[in-house]
Amino acid sequence: MWRGFIHFLKKDFRLMLSGKFFILAFASLILYSCYINFIYVNMDQEIYPVYLYDPQGRQAAVSKYMIPLDDREDFEKACADQYSVGIDLSSGKPELYMLASGIDTIDNYRIIWAEAVLNGTAEGHADVIGTNSKEMKSRREITAEFLFFELSAVGFLGLASMLFKEKQMGVIRVHGILPASRAMFILSKLFLFLLSDLIFAALLTVWNLGLWHGIAVLPAVSVQTGIVSLMMALTGFLCAVRLPDFKQFSLFYLVIAVFVTTPVFLAGQTGVSWGWIVYHPMYHLFAAMKGAYFSEPMPGLPYYAACFGAIILLFLLAHRAFIREMAKEG
């Protein structure tokens, strides 16, 4: 049995080499890392501007984070961008003045920042977020997002492209008459893609978080990487078996990218409050990945039970569809 599995592994590894899969993965690693280290962490991420309206001059000491305005109209106009925060001292008692942005998380951050500026405790808040520096927080966020994107796209497209190539070469027809396990045909591909994804995740994490920070989160990140990798690879395999050619498969992937993946990234990156997003399975995978990078408590047993059940179901569906495809080819 194991001899047959080794044969499948060698065949699939040669296909991955001929398809330049490892070169593309390495190029993605370099591209993502260069963007993170040379562009993203150096971007000036402006703190929420805080405007002060104090016509009677009651505020004796004005923080360097405050922008005093003498005209009420200018004050309201400056705060109308739904990003800035105003402190109104015209009545003698400090009152926050701001227009809601529509995103509760951002509005809470704006209030906390304005209160820190008003109370004179803002020094240091702009550079340290929780236990992370501002730069480390940015590194953790963008690395998690890049990894999730890579797993969602490459895992889905990579295994499917390999299967379409085997269809063209007549490999499936040949295996249909050989006494080889159909399950091993799928498992060998899953093993290679899972292994390559785990190596990619480890290199991306250690490179962009640093050795010690990267090693600290790598166990949790590897678990989430394995879950997403297996799910996307099996989904790609299933779709590739069911669809007749790569052109239709590409169109199908475009639909998935627009209507399935995009809402998840919007909810995670911008904090958009959508009640229905909790029913989106990809959102929970994305949230678990980001949580792993920030060393948050791991998801509970229901999450892992649902993931394990989904992987088993996808494998059974892929195995059944593959047997039907071999029957057609034979």
Side-chain angles (χ1 to χ4, degrees), residues 5 140-141 143-160 181-202 204-205 215-242 253 256-257 259-269 271-323:
F5 185 67
R140 292 179 189 271
E141 284 183 341
T143 303
E145 290 163 10
F146 275 154
L147 178 58
F148 189 82
F149 171 79
E150 180 76 9
L151 296 175
S152 301
V154 176
F156 187 85
L157 294 172
L159 196 147
S181 171
R182 279 42 170 177
M184 283 190 181
F185 185 91
I186 304 174
L187 288 174
S188 67
K189 291 176 171 56
L190 291 180
F191 178 81
L192 287 176
F193 273 87
L194 175 61
L195 182 61
S196 63
D197 285 341
L198 289 173
I199 294 174
F200 181 91
L204 184 71
T205 301
I215 291 176
V217 302
L218 201 53
V221 169
S222 297
V223 171
Q224 303 307 323
T225 297
I227 291 173
V228 178
S229 175
L230 290 174
M231 283 188 176
M232 296 309 299
L234 283 168
T235 304
F237 185 95
L238 179 61
C239 294
V241 171
R242 300 290 295 177
Y253 175 73
I256 289 181
F259 295 103
V260 177
T261 309
T262 302
V264 172
F265 279 102
L266 289 176
Q269 181 71 10
V272 175
S273 181
W274 292 327
W276 57 266
I277 200 69
V278 297
Y279 301 105
H280 199 306
M282 294 294 287
Y283 174 75
H284 295 283
L285 295 174
F286 181 68
M289 180 69 76
K290 293 194 75 171
Y293 271 95
F294 282 92
S295 300
E296 295 178 357
M298 299 181 69
L301 182 61
Y303 168 81
Y304 290 106
C307 291
F308 180 76
I311 291 172
I312 295 299
L313 178 61
L314 286 170
F315 180 82
L316 293 176
L317 292 174
H319 185 264
R320 182 179 181 183
F322 180 63
I323 291 176

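Remember, predicted model here, so these are calculated numbers, not experimental data. Values below: all heavy atoms of this structure, side chains included; hydrogens, waters and symmetry mates excluded. Here, residue 1 is the first one in the sequence, and each next residue gets the next number.
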Does the side chain of M232 come within less than 4.5 Å of M282's, by heavy atoms?
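Yes, side chains in contact.
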Side chains of L187 and F315: closer than 4.5 Å at any heavy-atom pair?
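Side-chain contact under 4.5 Å: yes.
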[atom2] on [Y] to [atom1] on [X], rounded to 0.5 Å:
X: L285; Y: F148; atom1: CG; atom2: CZ; value: 5.5 Å
X: L314; Y: I186; atom1: CG; atom2: CD1; value: 11.0 Å
X: L147; Y: M289; atom1: CG; atom2: CE; value: 4.5 Å

Solution key, residues 233-242 side-chain donor-acceptor pairs under 3.5 Å, sequence neighbours excluded:
from	atom 1	to	atom 2	distance (Å)
T235	OG1	M231	O	2.7

What pairs meet the side chain to side chain donor-acceptor pair (under 3.5 Å) rule with one or both residues in residues 298-310, with sequence neighbours excluded?
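Listed by first then second residue: Q224-Y303, Q224-Y304.
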Test of understanding: with side chain to side chain donor-acceptor pair (under 3.5 Å), list the residues that count as partners of T205, not counting sequence neighbours.
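Only Y293 meet the side chain to side chain donor-acceptor pair (under 3.5 Å) criterion with T205.
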Suppose we screen for side chain to side chain contact (heavy atoms under 4.5 Å, CB included). Which residues come up paired with L313, at least two apart in sequence or across chains?
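For L313, the residues satisfying side chain to side chain contact (heavy atoms under 4.5 Å, CB included) (neighbours in sequence not counted) are L317.
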For F294, does the six-membered ring have the charged nitrogen or CZ of K290 within the cation-pi criterion, i.e. under 6.0 angstrom from the centroid and within 45° of the normal?
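The answer is no, since K290 fails at least one limit relative to F294.
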Please list all pairs meeting salt bridge (charged side-chain N to carboxylate O under 4.0 Å, His left out) that have one or both residues in residues 294-323, counting only residues at least two apart or in different chains.
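Qualifying pairs, neighbours excluded: none.
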Closest non-hydrogen atom pair, S295 against V217
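Closest pair (atom of S295, atom of V217, distance): OG-CG1, 3.5 Å.
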Can I get a per-line list of side-chain donor-acceptor pairs under 3.5 Å for residues 191-198, giving both atom names and the distance, sequence neighbours left out?
from	atom 1	to	atom 2	distance (Å)
S196	OG	L192	O	3.2
S196	OG	F193	O	2.9
D197	OD2	S229	OG	2.5

